[in-house]
Amino acid sequence: MCGIVAYTGIKQCKNILLNGLKRLEYRGYDSAGVGILSVNHSSKIKNPVFEIKVAKEAGKIKVLEELLKDIEMQGVCGIGHTRWATHGEPTQINAHPHFDCKQKIAVVHNGIIENYAEIREELIKKGHIFISQTDTEVLPHLLEGYLKSETNGSLLVAMQKLMKKIRGSGAIVAISVEKPNEIIAGRIASPLIVGTSRDGNFLASDMPAVLDHTRLFTVINDYETVCVTRDKVKIYDSNGKLVQRNPFKVNWSIESAEKGGYEDFMLKEIFEQPYGIKETMRGRLLDGELNFEELNLTDEQIKNLKKIQIIACGTSYHAALTGKLVIEKWAKIPVEVEISSEYRYRDPIVDEGCLFIAITQSGETIDTLAAIREARGKGAKVMAVTNVVGSTVARESDSVIYTHAGPEVGVCATKTFSAQIMVMYLTGLYLSKVKGLIKQENYERIIEELKMIPNKVQIILNNAERLKKIADETYKYTCFLFLGRIYGFPMALEGALKLKEISYIHAEGYAAGEMKHGPIALTDNKTVVVGVIPQDFVYEKMISNLQEVRARNAKIFAIVSEGDKNIEKYADYIFTIPKTIEELNGILTVIPLQLYAYYIAKNLNRNVDQPRNLAKSVTVE
Ligand code: AGP
């Protein structure tokens, strides 16, 4: 997830772009850059020749701001970008904008080009030279190629051809020296809006970038292209036909616009999960097949794997527990899961034939990092699962699987968790396939189910009001027990953690079968028991456990699969999730748990984005 802003009009654009990027910093902040169409000083006044001046730097926007103080960049048309790295580390060279060979076209991009490697190969054969490690750099080179043929020199037509060539997601915005007042853009899956004003027009990933200048917006839809000049906006559908669309007006403050109109980043990020999960699957689930080369293991190495060891902390640890369940079930490889802070101090044994996986959304958690160093020091090969490209864990591991959930601002891990779980599903299924342990029919069925997960998550989100109502009726309770078995157990732990960290209410997650070994003594009429009880092979056992706590006067809130009529006899509050296969229930059951914790915390007036005593990256022991 990156941020884009572009302007063409009658005002100097350097500060418009810079201020727009500052407003988008929540979308990505590892490097930033601007490109501005400026008159080449050596050209004639009557017949000016334009060039694209680019300034870009690694680091936060303030680094770019410092750089721009020393650079003269005159011009009224330009593009800007703040990056959240996906391909290539956050360096000056990988920062956007990117150029074609002759530096006549500059492009900024938000998204992932899945087929960039093959396009790059094709272009290299045609003589194009690449200087960055990004997927984005193929875009200006493709445009350059198309402009040479069948486009009549039209950057718009070239963009339309490009949109048919690439696979993946992208908001792509381009400028060219040939038309110094024109910006051309296209969109596939990544957000892109047009803002209109009397002094010029804008393109942006999100409204806050330009709310200081306009409140009139038009949304660009998937596969549309748009040509923006200082006084016109022309939108085209995927067939190149002109589309009529009237702008709408917004009254949001800049602060609420940053949160996409949601009250908090946490709520926004919970609602972003269908998109985040799709991004995690992107490029890895193709035409009914799993493509998971990033694992960086040969088929031979996979077949010889004797054990997998996963380490993580907090929410990431719960993703690891889900990983254990699906890897053992599908790939029949024994998996040990351990909390990083324990692993690092216990003089662990690293077995030969063991794959070591470290899960950390931030990539900076010191305990996980120390555990990785300990394991590598003893000869382990480490695969990291992280959301942050170029993070310390990513750099210090042998291979990396990026979750691509986009930056998470709320301290509470929500969308990064569902993305981690998706990576665990993909890993388990891939290992099983390579080992030849899964029947083709079952493999295809699981892939079909995986593809439906984002829509099913959306169905749950559409029913958020129901969770708010349950939270309104239960937030005054002082003891919460979250129970689950097998796939529901890590989610019970996660539900309890979410509630603890943002509401400050005491909550515990338990394997439901453990209740009778102690915790049941806690239950009385001041307790809420949240049962994670979707349709699966331990359903009946869960029902018995709920009956046991109900007999002790606890209030029961059950999260069940749709169509479960039986549960009404046992629960005071019910929330239903769409059906899926039992191994995948976890990713669906955790969404209502996140929302439930959120609404309870809001009832208690807590700061859910920055809960007390917590930090987003835990870089101390
Ligand atoms: C989750 O909501 C917490 N903020 C916390 O438990 C977190 O998951 C933990 O600190 C691990 O962080 P990491 O994934 O960045 O390593």
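One-based numbering, in listed order, for ligands and for the atoms of each.
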- request: Evaluate the side-chain contact (heavy atoms from CB on, under 4.5 Å) criterion for residues Ser169 and Arg282: first the C-alpha distance (whole Å), next the side-chain angles of each, then the deciding distance (0.1 Å), finally the verdict.
  value: CA-CA 9 Å; Ser169 61; Arg282 191 176 293 290; 3.6 Å; yes
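- Taking distance alone, with nitrogen or oxygen atoms compared against 3.5 Å, Cys412 stays at or beyond that limit from ligand 1.
- Side-chain contact, Gln594 with Thr414: no donor N or O sits under 3.5 Å from an acceptor N or O.
- When only interatomic distances are considered, the shortest N/O to N/O separation between Ser362 and ligand 1 falls below 3.5 Å.
- Here the protein heavy atom with the shortest distance to atom 10 (O) of ligand 1 is Val618 CG2, 3.6 Å.
- Thr474 and Tyr596 share a side-chain donor-acceptor pair at under 3.5 Å.
- Not a single heavy atom of Glu364 sits closer than 4.0 Å to an atom of ligand 1.
- Of all heavy-atom pairs spanning Thr368 and Ile359, the tightest one is CG2-O, 4.4 Å.
- There is no side-chain donor-acceptor pair under 3.5 Å between Asn387 and Thr416.
- Between the choices Thr414, Thr315, Ile502, the shortest heavy-atom distance to atom 1 (C) of ligand 1 belongs to Thr315.
- Per-residue contacts place Lys498 under 4.0 angstrom from the following atoms of ligand 1 (heavy atoms of the residue considered): 1 (C), 2 (O).
- For Thr368, no nitrogen or oxygen atom sits less than 3.5 Å from a nitrogen or oxygen atom of ligand 1, counting backbone and side chain alike.
- When each of Glu272, Glu279, Glu269 is tested with Lys415 by the rule salt bridge (Lys or Arg N to Asp or Glu O under 4.0 Å), just one qualifies, namely Glu272.
- Between Phe489 and Glu514, the closest side-chain pair of non-hydrogen atoms is not below 4.5 Å.
- Heavy-atom proximity to Thr365, at under 4.0 Å, picks out these atoms of ligand 1: 12 (O), 13 (P), 15 (O), 16 (O).
- Between Met281 and Pro454 the shortest heavy-atom distance is CE-CG, 3.6 Å.
- Closest protein heavy atom to atom 9 (C) of ligand 1: Cys313 O, 3.8 Å.
- Ser316 OG, 2.6 Å is the protein heavy atom nearest to atom 14 (O) of ligand 1.
- Residue Ala413 has at least one heavy-atom neighbour below 4.0 Å for each of these atoms of ligand 1: 1 (C), 2 (O).
- In this structure the side chain of Ile447 reaches within 4.5 angstrom of the side chain of Leu429, judged on heavy atoms.
- Comparing Val388, Val411, Val393 by heavy-atom distance to atom 4 (N) of ligand 1, the nearest is Val411.
- Counting only heavy atoms of the protein, atom 3 (C) of ligand 1 lies nearest to Glu501 OE1, 3.4 Å.
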